[in-house]
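See below for the structure under consideration.
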Amino acid sequence: MTTFFSRFSFGWGFTLATLSLAFLQSPAFASGLVKQGIDSTDYMITLANYDRGFYTPQVLHIKPSGGKPIEKPYSQLLHLRAEISEFSSRAWLGIDTTGGKKDTTWGKSQDLTEDALNVLQQTFDNIRANKGFVIVRICYDPWYNGRSNVTPEHKWVLRHVEQLAPVLSKNTDVIVALEMGMHGAYGEMHSDTSITYDRVAEATNLMLRSTPPELKILTRTGNYSAKVLGFDNWGVDFHIDGEKFAEIAKAKGDTMYRVGMFNDGYLGTQYDYGTWGADCKTSICREEGVAWLEKYGINTPYGGEALTTANGYQVINTPEFLAYEGFRTHTSYLNIQWNNNLINSWKKTLFKQKDFDYDPAHVDSLTGFKYINDHLGYRFVLRESWLSDTVGSDHMLHAKFRVQNVGFGNLTWMAPVKLAILEDLEGSDLDMCPDMDYVDLPDVDFRDVHSRTISVAGGDTVMTFDGNNEIEVSVKLGKLRYRNYQVYLKVGDIQFANDKPSGKGTCGQEQPAAYLGKFYFNENVQSIAPRIRRSSVQKTETPYVLRTRNHVIIRNGERSYKPNGSKQ
């Protein structure tokens, strides 16, 4: 166990003197704690956590005079397609289609103006005011119409990166990720003869150096990301267990976990329409790329646009395939509009597997779309809570709770974690969310509440970790004026899946906070400190894979699961 010492003040008389925290992966609850009567059900509602999920695209045309910012974002998860075509002499804005009666108009390679940057900043401000999040892509394709050869001279791309970096750095609280466009049609790094791997890598590394580590930066393919990270011979060196990979990873440090990719050919073929290579000797193939995302993209957004299957190729764009690979790539966002035919097919197709509470046998009309929508990114379910039954004269409150992350991915940003201890009035309704006073728990990082781990060993696919994470908290409280108290957990403005469809349960959408339980204060007794189990005992109860007559079973304490999450 790791122990931290800090002091905090409660606005209503409590003092936090000592905080002990530990993330565990087994049900190692100690004596001296009482299991709380919480509702551990995943109510399968689509949660209002807009830093993940299906996004809506919206184009912003930026002019030297500034232009008009986006005032009303189309959705609370926006894909901002900002284009600066008027700052590229190679981008034609209008073309003569009348036989010479009007001129073709072009942009002009020049510095981004203050007015242009202000329009981008105002758009971010409006997204923030809408309580939304944004995935950003910036390029020179006029109105994102797919025009080729629009990228200006390389020196201007670098200059514009330098000018954009301060604005992006200022808005990391609402930016989910920067899809590093800047090159080619749609900013997807294709359809432009001026594009080279070296130029993309130079521009991306300049953006990395010019922005804080909170900004995650994604390129269009694994090959581009590999070049950014310093790989040249991809087919030989881009293997996460290889010596060259270990050497580069050591040199890059945390940057390895900051660089990812976006995929606008997702699931269209087994190669994702060229996103992954077919020749693994000269390019990054799917398994090598997925293994990289699985390890180094653990807190980095991944997503894009899922497509229909091209003729003659393997069909993998199914909810059931995502229910496997989505956990490995930590898929967190997709376009709600494209491909619309595929999205509509997901809405019409029933989900055929069982995944913990998502059980087709118990849920009418559980569609593949709903399963994917609810599992993009993280999804936290409070499964178990243990608290001190009585806080005594030493004012020590001990708590252990188990949170299962059933989503494809993990939290990608540092959410503030807070604890609220409230007077429990006789006969109060715990489904009603009271006004809360909070205390910060800065050493609890919910980015470490990881989703399940799926491993591939030969021809076998097994789940080696089922997403159950345990957290221990010990706090010394100051003045306690009442007998009975309620305890709540708040993680940013994140909703837990325990919320009931009515918006109640944890604490609803306005102040989402998970109810941990109650304790009783008696100043005439001393609190019972929990007995800490030895790590060797904890290890024996960690989820592990067991084979029984060639069937894979996941053991986790007293529970057993099949790889799809169904109980044995």
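- Evaluated for a side chain to side chain contact (heavy atoms under 4.5 Å, CB included) with V134, the options I175, L178, T123 yield exactly one hit, I175.
- For the pair K295 and Y257, the tightest heavy-atom approach, listed with the atom from each and the gap, is O-CE2, 3.7 Å.
- L218 contributes atom CG, which lies 11.0 Å from atom CG of N263 (distance to the nearest 0.5 angstrom).
- Side-chain contact between N149 and R90 is absent, with no heavy-atom pair separated by less than 4.5 Å.
- Identified under the salt bridge (charged side-chain N to carboxylate O under 4.0 Å, His left out) test for residues 72-81, with sequence neighbours left out: R81-E305.
- Residues forming a ring-ring contact (aromatic ring centres under 6.0 Å, His included) with H330 (at least two apart in sequence, or on another chain): none.
- In terms of modelled atom types and a separation under 3.5 Å, the side chain of R52 and the main chain of G407 share no donor-acceptor contact.
- More than 12 heavy atoms of other residues, nucleotides or ligands shown are found within 6.0 angstrom of CG on D173.
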Distance-only donor-acceptor hits, side chain of residues 284-293, under 3.5 Å, sequence neighbours excluded:
{"residue": "R286", "atom": "NE", "partner": "E325", "partner atom": "OE2", "Å": "2.8"}
{"residue": "R286", "atom": "NH1", "partner": "Q270", "partner atom": "O", "Å": "2.9"}
{"residue": "R286", "atom": "NH1", "partner": "D272", "partner atom": "OD1", "Å": "3.0"}
{"residue": "R286", "atom": "NH2", "partner": "D272", "partner atom": "OD1", "Å": "3.2"}
{"residue": "R286", "atom": "NH2", "partner": "D272", "partner atom": "OD2", "Å": "3.3"}
{"residue": "R286", "atom": "NH2", "partner": "E325", "partner atom": "OE1", "Å": "3.1"}
{"residue": "E287", "atom": "OE1", "partner": "R328", "partner atom": "NH1", "Å": "3.1"}
{"residue": "E287", "atom": "OE2", "partner": "R328", "partner atom": "NH2", "Å": "3.0"}

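- Judged by distance alone, with hydrogens and angles left aside, the side-chain atoms of N469 form a donor-acceptor pair with the main-chain N or O of H450 at under 3.5 Å.
- I127 and P73 make their closest contact through CG1-CG, 4.0 Å (heavy atoms, listed as atom of the first residue, atom of the second, distance).
- Aromatic rings of W156 and Y140 (six-membered ring for Trp) have centroids beyond the 6.0 Å cut-off, not under it.
- Contact annotation: the side chain of W413 never approaches that of E214 to less than 4.5 Å [non-hydrogen atoms, C-beta and beyond].
- Tested against T211 for a side chain to side chain contact (heavy atoms under 4.5 Å, CB included), the candidates V167, I217, T172 yield a single pass: I217.
- Side-chain atoms of Y144 and C139, non-hydrogen and from C-beta on, do get closer than 4.5 Å to each other.
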Worked check of side-chain contact (heavy atoms from CB on, under 4.5 Å) between L376 and L334: CA-CA 8 Å; L376 288 172; L334 291 173; 4.1 Å; yes
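- Contact annotation: the side chain of V473 approaches that of F401 to within less than 4.5 Å [non-hydrogen atoms, C-beta and beyond].
- The two atoms that bring P512 and I494 nearest to each other are CB-O, 3.4 Å, heavy atoms only.
- Counting all heavy atoms, side chain and backbone alike, T269 lies closest to A310 at CG2-CB, 4.0 Å.
- In this structure, OG1 in T113 is found 8.0 Å from CG in N118, a value given to the nearest 0.5 Å.
- No side-chain donor-acceptor contact under 3.5 Å links D237 to the backbone of G235.
- Under the ring-ring contact (aromatic ring centres under 6.0 Å, His included) test applied with Y302, the options Y333, Y266, F408 reduce to a single match, Y266.
- Listed for the S89 side chain is a donor-acceptor partner under 3.5 Å among the backbone atoms of S109.
- Using a cut-off of 4.0 Å between Lys/Arg side-chain N and Asp/Glu carboxylate O, D374 and K370 are scored as salt-bridged.
- The two residues G181 and M189 have their closest heavy-atom pair at O-CE, 3.9 Å.
- For D192, the salt bridge (charged side-chain N to carboxylate O under 4.0 Å, His left out) test picks out no residue, with sequence neighbours left out.
- The shortest distance between side-chain heavy atoms of I135 and R137 does not fall below 4.5 Å.
- Proximity of E202 to H154: side-chain heavy atoms (C-beta onward) are separated by under 4.5 Å at one or more points.
- Under 4.0 Å is where a charged nitrogen must lie from a carboxylate oxygen, and between R159 and E162 at least one such pair does.
- At a cut-off of 3.5 Å, with distance as the only test, a side-chain donor of N126 or Q122 sits close to an acceptor on the other residue.
- E83 places a side-chain N or O within donor-acceptor distance of the main-chain N or O of S85, the cut-off being under 3.5 Å.
- Taken from CG in L80 to CD in E179, the straight-line distance is 10.5 Å, to the nearest 0.5 Å.
- T151 places no side-chain N or O within 3.5 Å of a backbone atom of H183 that could act as its donor or acceptor partner.
- Using a distance-only test at 3.5 Å, with no hydrogens or angles considered, no donor-acceptor pair links the side chain of N405 to the main chain of Y378.
- No side-chain donor from either of N410 and S451 sits under 3.5 Å from a side-chain acceptor of the other.
- Judged by distance alone, the side chain of D445 and the main-chain N or O of R447 form a donor-acceptor pair under 3.5 Å.
- By the 4.5 Å heavy-atom criterion applied to side chains, L164 and L120 are counted as neighbours.
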Derivation and outcome, side-chain contact (heavy atoms from CB on, under 4.5 Å), residues V157 and R199: CA-CA 9 Å; V157 174; R199 288 176 178 175; over 6 Å; no
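- Atom CH2 of W338 sits in a sparse spot, with 12 or fewer heavy atoms from other residues, nucleotides or ligands closer than 6.0 Å.
- For F231 and F245, the ring centers are positioned less than 6.0 Å apart.
- Between the side chain of T453 and the backbone N or O of F465 there is no donor-acceptor pair closer than 3.5 Å.
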side-chain contact (heavy atoms from CB on, under 4.5 Å) evaluation trace for F321 with N317: CA-CA 7 Å; F321 183 80; N317 55 9; over 6 Å; no
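- N223 and S283 are linked by a side-chain donor-acceptor pair at a separation below 3.5 angstrom, with hydrogens and angles left out of the test.
- Atom CH2 of W346 and atom CG of N339 lie 9.5 Å apart (nearest 0.5 Å).
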Y50 and N130: CA distance, side-chain angles, deciding distance, side-chain contact (heavy atoms from CB on, under 4.5 Å) verdict: CA-CA 11 Å; Y50 298 114; N130 191 49; over 6 Å; no
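- Contact between V417 and F446 at its shortest, heavy atoms only, is CG2-CD1, 3.8 Å.
- Residues F369 and I336 are in side-chain contact: their nearest non-hydrogen atoms beyond the backbone lie under 4.5 Å apart.
- In this structure, the side-chain contact (heavy atoms from CB on, under 4.5 Å) partners of A185, at least two apart in sequence or on a different chain, are D141, H190, S191.
- Aromatic ring orientation, F380 versus F496: tilted (interplanar angle from 30° to 60°).
- Checked by atom type, the side-chain pair T219/S225 shows a donor-acceptor distance below 3.5 Å.
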Verdict with reasoning, T308 to N341, per side-chain hydrogen bond (donor to acceptor under 3.5 Å, both in side chains): CA-CA 7 Å; T308 53; N341 291 327; over 6 Å; no
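- Within the structure, the salt bridge (charged side-chain N to carboxylate O under 4.0 Å, His left out) test picks out no pair touching residues 115-124 (sequence neighbours left out).
- The closest donor-acceptor contact from the side chain of K216 to the backbone of N299 lies under 3.5 Å.
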